[in-house]
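Because the structure is predicted, anything quoted here is derived from the model rather than measured.
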Amino acid sequence: MIGRRDGPLMRSGGYSLSFWKSRIAAAIAVGVAIGCVFAFLFPDGLFSVAGPPLQNRRLVNTQGESSSSSCESSERVNMLKSEYVAVSQKNAELKKEVRELMEKFKLAEQGKDQAQKQVLSLGKQQKAGPFGTVKGSRINPTVVPDDSVNLRLAKILEKVAVNRELIVALANSNVKEMLEVWFTNIKRVGILNYLVVALDEDIAKFCEANSVPVYKRDPDKDVDSVGRTGGNHAVSGLKFRILREFLQLGYSVLLSDVDIVYLQNPFNHLYRDSDVESMTDGHDNRTAYGFNDVLDEPGMGWARYAHTMRIWVYNSGFFYIRPTIPSIELLDRVAGRLSRENAWDQAVFNEELFFPSHNGYDGLHAARRTMDFYLFMNSKVLFKTVRKDAALSKIKPVIVHVNYHPDKLPRMKAVVEYYVNGKEDALKPFPDGSDW
């Protein structure tokens, strides 16, 4: 029949599409209603496990966790405290190790620089020249200045030193009168680069009152006890420890005892070609500069004559020392031995300078020079020889060291009268030697 439409939903007994839609909507509505009823009647679910209500269970869990957490917290705190103590101790140990390693690193750097300078000074390998023309190097390079060793001293030396060199003397109140003669003549000669290391407060004030450059060291129990009360030999032994800082700072030092009268500027008469340049206790060419001494042993028959090399010792109360590695090693060796042995510092000073290497002992490889004994004169040369010789008495020495005589102060004053004030008989009242 024209105009009629028969679709799939129109089949099945003739129900229409709208009919099926209404039935589906009704079923959905019924399901939603049943769900609401069950939700109201069984809020914890239809199949919930037996036990306390959810709120109570939460409260119990919270209380249990709180108590166990409290116990764990106190144990944790105690554990953290012990760990903190252990870490602090370890940190202190590590800091100490770092400081020690830094010191070793500085020394290693200095050694490295020393080696590099030695290589540069030696230059490339070369062939030996013709006979009589070959000369080896005698001058060791200086160390790298290290101001961190003593910043306060470094600032003082910047003001006092001239061409990075100066005269240094150690003094305590026991030598106050001699010290005054010492610095009075230094000023008279016109020497500017000198410094007194005051070993007690009284000497520091005395120098300041007389416009004398002075350096008072930082407190040091070992040094101060000797410095305040020690005699000449005890104080003399301290200088090897104290001088080390001057050398580390890169300064050459003319070490001077206070029983010395300055008549000229000594810096005009130095060679500076050695690690140590020292005055001698010798009194003539042989004793001052060395000689071949023969020992006669008749019992040896044909080999009865034994030849020996002799030289009188260097004076440890007046020497010029350059800031080199061998020089610092010398100071360390002498200071180390004096701290362990009951010995005279001058004897130890010379043994370390002159003893050669042998089995079980490494000798010091330091260059040394003996000063002219008529210019840098000891009191034996003056009173035994020079004052009695018309020609020698006309020589004006650079310094006179009253090292051979215990009546130091009157002899120092007599030297000033003789050489400065021109009093010809000023030296006559004194004997050659000492009156015991």
Side-chain angles (χ1 to χ4, degrees), residues 160-171 178-196 212-213 239 251-285 287-289 312-322 346 368-405 408-409 411-424 426-427:
V160 174
V162 176
N163 296 326
R164 298 193 72 83
E165 59 185 10
L166 72 161
I167 300 170
V168 174
L170 279 65
M178 285 192 291
L179 178 65
E180 186 171 13
V181 177
W182 181 85
F183 67 65
T184 298
N185 284 277
I186 282 181
K187 291 181 178 182
R188 182 186 52 76
V189 172
I191 301 169
L192 301 175
N193 49 332
Y194 69 101
L195 181 70
V196 174
V212 172
K239 62 195 169 200
Y251 291 86
S252 296
V253 174
L254 183 56
L255 188 280
S256 173
D257 283 352
V258 296
D259 57 346
I260 292 176
V261 177
Y262 285 78
L263 302 169
Q264 299 184 59
N265 190 330
F267 293 107
N268 297 333
H269 300 271
L270 297 175
Y271 285 79
R272 301 175 178 84
D273 63 348
S274 304
D275 298 297
V276 177
E277 194 169 342
S278 177
M279 75 171 295
T280 174
D281 273 3
H283 57 91
D284 55 24
N285 285 337
T287 56
Y289 309 134
W312 285 30
V313 295
Y314 282 175
N315 191 290
S316 64
F318 189 86
F319 60 87
Y320 179 80
I321 186 166
R322 295 176 58 246
Q346 181 160 293
R368 53 193 182 273
R369 170 181 282 274
T370 305
M371 294 176 173
D372 186 320
F373 68 92
Y374 284 128
L375 293 180
F376 298 91
M377 190 181 298
N378 61 58
S379 56
K380 180 176 181 176
V381 173
L382 175 61
F383 286 97
K384 187 178 179 181
T385 306
V386 170
R387 68 172 175 169
K388 302 173 184 179
D389 188 295
L392 293 177
S393 61
K394 294 178 182 178
I395 298 174
K396 187 176 184 180
V398 177
I399 60 111
V400 174
H401 189 179
V402 187
N403 61 315
Y404 269 99
H405 302 88
K408 296 179 181 297
L409 185 59
R411 290 189 187 244
M412 289 177 70
K413 292 179 178 179
V415 169
V416 175
E417 289 294 322
Y418 183 77
Y419 282 108
V420 178
N421 299 327
K423 189 176 180 181
E424 295 182 358
L427 303 176

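- For the pair Asn185 (side chain) and Val181 (backbone), a donor-acceptor distance under 3.5 Å is present.
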- prompt: Under the side-chain contact (heavy atoms from CB on, under 4.5 Å) criterion, do Met377 and Ile399 qualify, and how do the steps go?
  reply: CA-CA 6 Å; Met377 190 181 298; Ile399 60 111; over 6 Å; no

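- Side-chain atoms of Ser379 come within 3.5 Å of backbone atoms of Tyr404 as a donor-acceptor pair (strictly under, hydrogens ignored).
- Qualifying side chain to side chain contact (heavy atoms under 4.5 Å, CB included) partners for Arg272, counting only residues two or more places apart in sequence or in other chains: Glu165, Phe267, Leu270, Tyr320.
- Rounding to the nearest 0.5 Å places CG of Asn268 at 11.5 Å from CG of Leu375.
- The CG atom of Asn378 lies 11.0 Å from the NZ atom of Lys384; values are rounded to the nearest 0.5 Å.
- Of the inter-residue distances, the one linking Arg369 atom CZ with Thr280 atom OG1 reads 13.5 Å to the nearest 0.5 angstrom.
- The distance from the CG atom of Asn315 to the OG atom of Ser278 is 6.0 Å, given to the nearest 0.5 Å.
- Scored by the ring pair (Phe, Tyr, Trp, His ring centres under 6.0 Å) test, Tyr419 finds no partners at all (sequence neighbours excluded).
- Among residues two or more places apart in sequence or in another chain, the side chain to side chain contact (heavy atoms under 4.5 Å, CB included) test is passed with Tyr418 by Ser393, Ala426, Leu427.
- Lys388 meets the salt bridge (charged side-chain N to carboxylate O under 4.0 Å, His left out) test with Asp432; sequence neighbours excluded.
- Every residue meeting the side-chain hydrogen bond (donor to acceptor under 3.5 Å, both in side chains) condition with Asn421, not counting sequence neighbours, appears here in chain and number order: Glu417.
- By the salt bridge (charged side-chain N to carboxylate O under 4.0 Å, His left out) test, Asp372 pairs with no residue at all, sequence neighbours left out.
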query: Could you walk me through whether Val160 and Tyr251 pass the side-chain contact (heavy atoms from CB on, under 4.5 Å) check?
result: CA-CA 11 Å; Val160 174; Tyr251 291 86; over 6 Å; no

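- Side-chain contact between Tyr314 and Gln346: absent, with no pair of heavy atoms (C-beta onward) separated by less than 4.5 Å.
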- request: Go through the steps to decide whether Val398 and Leu263 satisfy the test side-chain contact (heavy atoms from CB on, under 4.5 Å), and finish with yes or no.
  value: CA-CA 5 Å; Val398 177; Leu263 302 169; over 6 Å; no

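- Remark: the backbone N or O of Tyr271 is paired with a side-chain donor or acceptor of Glu277 at under 3.5 angstrom.
- For residues 185-195, the set of pairs meeting the salt bridge (Lys or Arg N to Asp or Glu O under 4.0 Å) definition, not counting sequence neighbours, is empty.
- Applying the salt bridge (Lys or Arg N to Asp or Glu O under 4.0 Å) rule to pairs touching residues 256-271 yields Lys239-Asp257, Asp259-Lys408, sequence neighbours excluded.
- Under the 4.5 Å side-chain criterion, counting only non-hydrogen atoms from C-beta, Ile167 is in contact with Pro266.
- The side-chain hydrogen bond (donor to acceptor under 3.5 Å, both in side chains) check on Asn403 picks up Asp281, with sequence neighbours excluded.
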task: Determine, stepwise, if the pair Leu166 / Leu254 fulfils side-chain contact (heavy atoms from CB on, under 4.5 Å).
output: CA-CA 6 Å; Leu166 72 161; Leu254 183 56; over 6 Å; no

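- Here the shortest heavy-atom pairing between Ala171 and Val196 reads CB-CG1, 4.2 Å.
- Listed here is the closest heavy atom pair of Ala169 and Val258: CB-CG1, 4.2 Å.
- Between Asp275 and Arg368, every side-chain heavy-atom pair lies at or beyond the 4.5 Å cut-off.
- By the ring pair (Phe, Tyr, Trp, His ring centres under 6.0 Å) test, Phe319 is found to be paired with Phe349, residues two or more places apart in sequence or in another chain being considered.
- Looking at every heavy atom in both residues, Thr287 comes nearest to His283 through OG1-N, 2.8 Å.
- Using a 4.5 Å heavy-atom cutoff, the side chains of Leu382 and Val415 are in contact.
- For the ring pair (Phe, Tyr, Trp, His ring centres under 6.0 Å) test, residues two or more places apart in sequence or in another chain that qualify with Tyr289 are Phe373.
- Contacts of Phe383 classified as ring pair (Phe, Tyr, Trp, His ring centres under 6.0 Å), with partners at least two apart in sequence or in another chain: His405, Phe430.
- Side-chain contact check for Ser256 and Tyr194: no donor-acceptor pair (N or O, by modelled atom type) lies under 3.5 Å.
- Residue Ile260 holds its CD1 atom at 9.0 Å from CH2 of Trp182, rounded to the nearest 0.5 Å.
- Inter-residue side-chain proximity for Tyr374 and Pro397 is flagged as unmet; no heavy-atom pair is nearer than 4.5 Å.
- Closest heavy-atom contact between Ile191 and Gln264: CD1-O, 4.1 Å.
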